[in-house]
Amino acid sequence: MAKKPKALITGISGQDGSYLAELLFDKGYDVYGLLRRTSAGPPPYIEDLHLAKKLSYVYGNVRDLSTIRIAMEEVRPDEVYNLAAQSHVWVSFKVPDETWETNFYGVGRVVNEAMRVNKDVRVYQASTSEMFGSTPPPQSEASPFSPVSPYAEAKLKAHEEFIVAYREKYGLFAASGILFNHESPRRGKHFVTRKITHSLAKIKLGLQDKLELGNLEAKRDWGYAGDYVEAMHLILQQKKADDYVIATGESHTVRDFVNAAAAALDMPITWEGEGAHEVGKDKNGKVIIGVDPEFYRPNEVHYLLGDPNKARERLGWTRKVSFDQLVTMMVKSDYDSLKHLAP
Ligand code: NAP
Ligand code: GDD
């Protein structure tokens, strides 16, 4: 009987870690998750996988080399999916050191230790469309990188130093997925999409008065996380390691996202004013959306629109869930989980 492949996922408690663990389990892998001890513990969907004996935990922190060394020796993975990161762009301006420690040096620790225990290991690195920064759309694998935040600078340096260079220097099977924004009902509530769906569901249910946002003009290429983890797996199954843009090829403003979420709740919004004075009103003229410049970034990425042609041609990957389906899925999930609290 063929040996089961072993995968180690760092960032297991995050959005992507959870969907990827489910996918790899279904594909017959032994799945291990690198878990950082937090007082809140792992989210329920991860704990459920663990309790069902589908997922094993190894404790570790990518900022602590000894824990990564022990984890790699214990698991000896065939495939490593390095998803661990300080993943919030706005926060990266507040905590640049932590961001570099995790998103740059942490990648080095994971890649070096993975390679040390298994020279044939295949490593997936969670690179990002933020690395394109101010590069005009559409962005593809051939576009220049131009990062504008500590988050994106650290991610780009890790991509160049530990993925591209290790492929060339050591022949390591190391590959970056340059993923554009992807969302789901499991998205953290401090990212704009989930902040919108969660808050609008609460407003609809009479549990919140108003939603404060930052830049409504920013454009993002938003897809569904469940589709994007399939691309991660495909990237590691190719004959040759390479980097791929994963995107929908469609972009929307933050305001478009609010409109779509509000429409899904049958709560149309009328917009008035501009910039920091823009407001969104409900059908009774009540202001339910406002702008708070606190959420502006010192440097903004204005327009992301990915060109997923290479992924379609070489991986056979395309997104399955449309923008409207994604927004509706997120709104419905938040509304259903909150409705028992309605007054
Ligand atoms: P997420 O939900 O924020 O999850 C981040 C994960 O990293 C969490 O499991 C977190 O664990 C873990 N982590 C943070 N610091 C760590 C450390 N020092 N040691 C070990 N684990 C640590 O992020 P996501 O949306 O799933 O994204 C996954 C990866 O893809 C990230 O690297 C992100 O930068 C990248 N990416 C995401 C997108 C997107 O749109 N979602 C797009 C492009 C690239 P705790 O629970 O312990 O905090
Ligand atoms: N978070 C947040 N909160 N963003 C807001 C808000 C708000 O209240 N109001 C407007 N925005 C705008 C941001 O300025 C940004 O232009 C856009 O909404 C998206 O912000 P986020 O949802 O925080 O995501 P991101 O694009 O900065 O980063 C995400 O995607 C990257 C891939 O492009 C993260 O998942 C990164 O880890 C990932 O690499």
Side-chain angles (χ1 to χ4, degrees), residues 9-20 33-43 46 58-64 67-68 71 81-92 98-99 101-103 105-107 109-110 124-133 139 147-149 151-152 154-155 158 176-184 186-196 199 211-225 228-229 232 245-247 252-255 257-258 289-304 306:
I9 303 172
T10 73
I12 190 69
S13 56
Q15 169 188 259
D16 292 4
S18 71
Y19 286 105
L20 181 62
L34 184 88
L35 194 64
R36 184 165 68 140
R37 202 266 160 190
T38 53
S39 42
I46 284 294
V58 279
Y59 281 90
N61 185 324
V62 300
R63 297 180 61 182
D64 177 349
T67 65
I68 299 307
Y81 293 85
N82 185 39
L83 311 185
Q86 191 303 93
S87 68
H88 203 280
V89 176
W90 183 88
V91 172
S92 77
E98 179 180 345
T99 303
E101 263 300 326
T102 311
N103 298 6
Y105 294 106
V107 181
R109 293 180 191 110
V110 168
Y124 172 88
Q125 166 61 8
S127 288
T128 166
S129 50
E130 279 285 306
M131 301 189 315
F132 293 118
Q139 294 97 1
V148 301
S149 65
Y151 169 79
K155 282 277 187 177
S176 269
I178 306 174
L179 270 52
F180 283 62
N181 299 50
H182 44 280
E183 319 294 315
S184 73
R186 297 178 189 171
R187 185 61 143 153
K189 292 192 197 92
H190 47 299
F191 296 99
V192 77
T193 54
R194 183 79 196 290
K195 180 173 169 182
I196 293 167
S199 297
L211 162 64
E212 300 276 6
L213 293 167
N215 179 9
L216 298 171
E217 307 290 344
K219 293 180 100 172
R220 289 291 182 276
D221 180 328
W222 278 298
Y224 170 52
Y228 284 47
V229 298
M232 294 179 190
V245 159
I246 304 297
H252 300 267
T253 63
V254 171
R255 193 186 297 97
F257 196 103
V258 174
I289 317 277
V291 171
D292 182 345
E294 165 69 6
F295 299 115
Y296 289 166
R297 292 163 185 199
N299 235 340
E300 175 67 285
V301 170
H302 295 286
Y303 193 172
L304 290 176

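We count ligands from 1, going down the list as the structure has it; atoms in each ligand are counted the same way. Residue indices begin at 1 and follow the sequence shown. Side chains included, hydrogens not; waters and symmetry mates left out as well; all remaining heavy atoms used.
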Student: Under 4.0 Å from ligand 2, counting heavy atoms only, is it the side chain of Phe191, its backbone, both or neither?
Tutor: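 Looking at Phe191 and ligand 2, atoms from backbone and side chain both fall under 4.0 Å.
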Student: Between Glu130 and Arg220, does any NZ, NE, NH1 or NH2 come within less than 4.0 Å of an OD or OE carboxylate oxygen?
Tutor: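 Glu130 and Arg220: salt-bridged.
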Student: Have a look at Asn181, Val229, Leu179, Ile246 and point out the one with the heavy atom closest to atom 43 (C) of ligand 1.
Tutor: Leu179
Student: How would you list, by chain and number, every residue that makes a side-chain contact (heavy atoms from CB on, under 4.5 Å) with His190, sequence neighbours excluded?
Tutor: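 His190: side-chain contact (heavy atoms from CB on, under 4.5 Å) contacts with His88.
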Student: Would you say Glu130 touches ligand 1, if touching means a heavy atom closer than 4.0 Å?
Tutor: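 In this structure, Glu130 fails to qualify as a contact of ligand 1 - no heavy atom is under 4.0 Å.
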Student: Does an N or O anywhere in Thr38 fall below 3.5 Å from an N or O of ligand 1?
Tutor: no
Student: With a 3.5 Å distance limit and no angle check, can you tell me whether Gln139 reaches the backbone of Tyr303 through a side-chain donor-acceptor pair?
Tutor: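 Here the side-chain-to-backbone pair exists.
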Student: Has Asp292 got a side-chain atom pairing as donor or acceptor with Glu212's backbone, closer than 3.5 angstrom?
Tutor: no
Student: Looking at every non-hydrogen atom in both residues, tell me the closest pair between Arg109 and Val62 and how far apart they are.
Tutor: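 Scanning both residues completely, I find the closest heavy atoms to be NH1-O, 2.8 Å.
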Student: Between Thr193 and ligand 2, is there a nitrogen or oxygen pair with a distance under 3.5 Å?
Tutor: no
Student: Show the numbers, then the answer: is there a side chain to side chain donor-acceptor pair (under 3.5 Å) between Gln86 and Thr99?
Tutor: CA-CA 6 Å; Gln86 191 303 93; Thr99 303; 3.2 Å; yes
Student: Is it the side chain, the backbone, both or neither of Leu216 that has a heavy atom closer than 4.0 Å to ligand 2?
Tutor: neither
Student: Under 4.0 Å, counting heavy atoms only: does Ser127 come that close to any atom of ligand 1?
Tutor: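 Ser127 counts as a contact of ligand 1 under the 4.0 Å cut-off.
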Student: I'd like to know whether ligand 2 has Glu294 as a neighbour, heavy-atom separation below 4.0 Å.
Tutor: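 So Glu294 does not count as touching ligand 2.
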Student: If you measure from each heavy atom of Tyr228 to ligand 1, is any distance below 4.0 Å?
Tutor: no
Student: Relative to atom 16 (O) of ligand 2, which among Gln86, Lys189, Glu300 owns the nearest non-hydrogen atom?
Tutor: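 Among Gln86, Lys189, Glu300, the closest heavy atom to atom 16 (O) of ligand 2 belongs to Glu300.
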Student: Is the number of heavy atoms from other residues, nucleotides or ligands under 6.0 Å of Tyr105 OH greater than 12?
Tutor: no
Student: Quick one: which of Arg37, Arg187, Glu183 has a heavy atom closest to atom 25 (O) of ligand 1?
Tutor: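 It is Arg187 whose heavy atom sits nearest to atom 25 (O) of ligand 1.
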Student: Shortest non-hydrogen contact from Ile178 to Ser129?
Tutor: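 Nearest pair, atom of Ile178 first, then Ser129: CG2-N, 4.0 Å.
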Student: Heavy atoms only: which of Gln15, Lys195, His190 is nearest to atom 7 (C) of ligand 2?
Tutor: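 Closest candidate by heavy-atom distance is Lys195.
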Student: For Phe180 and ligand 2, does the shortest N/O to N/O distance drop below 3.5 Å?
Tutor: no
Student: To the nearest 0.1 Å, how far is atom 27 (O) of ligand 2 from its closest protein heavy atom, and which atom is that?
Tutor: Arg297 NH1, 2.5 Å
Student: Between Glu217 and ligand 2, which residue portion shows a heavy-atom distance shorter than 4.0 Å: side chain, backbone, both, or neither?
Tutor: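 No part of Glu217 is near ligand 2 at this cut-off.
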Student: Of all the heavy-atom pairs spanning Trp222 and Thr253, show the shortest one and how long it is.
Tutor: CZ3-O, 3.6 Å
Student: Is the closest N or O pair between Gly14 and ligand 1 shorter than 3.5 Å?
Tutor: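 Looking only at distances, the answer is yes, because the N/O contact criterion of under 3.5 Å is met.
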Student: Contact between His88 and ligand 1, counting heavy atoms under 4.0 Å?
Tutor: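 No, His88 has no heavy atoms under 4.0 Å from ligand 1.
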Student: Heavy-atom contacts under 4.0 Å between Lys155 and ligand 2: side chain, backbone, both, or neither?
Tutor: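 Answer for Lys155: neither.
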Student: Using a 3.5 Å cut-off on N or O atoms only, is Ser13 in polar contact with ligand 1?
Tutor: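 N/O-N/O distance below 3.5 Å exists for this pair.
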Student: Backbone N or O of Asn61 within a donor-acceptor pair of the Arg36 side chain at under 3.5 Å?
Tutor: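 The answer is no, because no donor-acceptor pair under 3.5 Å joins these two groups.
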Student: Could you see which bit of Tyr151 sits under 4.0 Å from ligand 2, with heavy atoms only: side chain, backbone, both or neither?
Tutor: side chain
Student: What I want to know is whether Asn82 and ligand 1 share at least one N or O pair that is separated by under 3.5 angstrom.
Tutor: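 Asn82 vs ligand 1: no N/O contact under 3.5 Å.
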Student: Please determine which of Tyr81, Tyr228, Tyr224 meets the ring pair (Phe, Tyr, Trp, His ring centres under 6.0 Å) test together with Tyr19.
Tutor: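 One option only clears the test, and that one is Tyr224.
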Student: So is there a nitrogen or oxygen of Leu34 less than 3.5 Å from a nitrogen or oxygen in ligand 1?
Tutor: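 No, no N or O pair falls under 3.5 Å.
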Student: For ligand 2, which is the ligand I care about here, please tell me if Ser87 has any N or O atom under 3.5 Å from one of the ligand's N or O atoms.
Tutor: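 Yes; the residue has a nitrogen or oxygen that sits under 3.5 Å from a nitrogen or oxygen of the ligand.
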Student: Taking the minimum heavy-atom distance to atom 19 (C) of ligand 2, which of Leu213, Val192, Thr253, Val89 ranks first?
Tutor: Val192
Student: Okay, side chain of Arg187, backbone of Arg194: is any donor-acceptor separation there less than 3.5 Å?
Tutor: no
Student: Quick one: does Asp16 get an N or O within less than 3.5 Å of an N or O on ligand 1?
Tutor: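 Yes, Asp16 has an N/O under 3.5 Å of an N/O on ligand 1.
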Student: Who's closest to atom 14 (C) of ligand 1 heavy-atom-wise, of Gly33, Ala84, Ala85, Pro43?
Tutor: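 The residue whose heavy atom sits nearest atom 14 (C) of ligand 1 is Ala85.
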Student: Say whether Thr10 and ligand 1 are in contact under the criterion: heavy-atom distance to a ligand atom below 4.0 Å.
Tutor: no
Student: Checking the N or O distance criterion of under 3.5 Å, is ligand 1 in contact with Gln15?
Tutor: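 Yes, at least one N or O pair falls under 3.5 Å.
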Student: Judged by atom type as modelled, is there a donor-acceptor pair below 3.5 Å linking the side chain of Lys155 to the main-chain atoms of Ala126?
Tutor: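 Pair found, side chain donor or acceptor close to backbone of Ala126.
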Student: Measuring from non-hydrogen atoms of His182 to any atom of ligand 2, is the shortest distance under 4.0 Å?
Tutor: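 The answer is no, since His182 has no heavy atom less than 4.0 Å from ligand 2.
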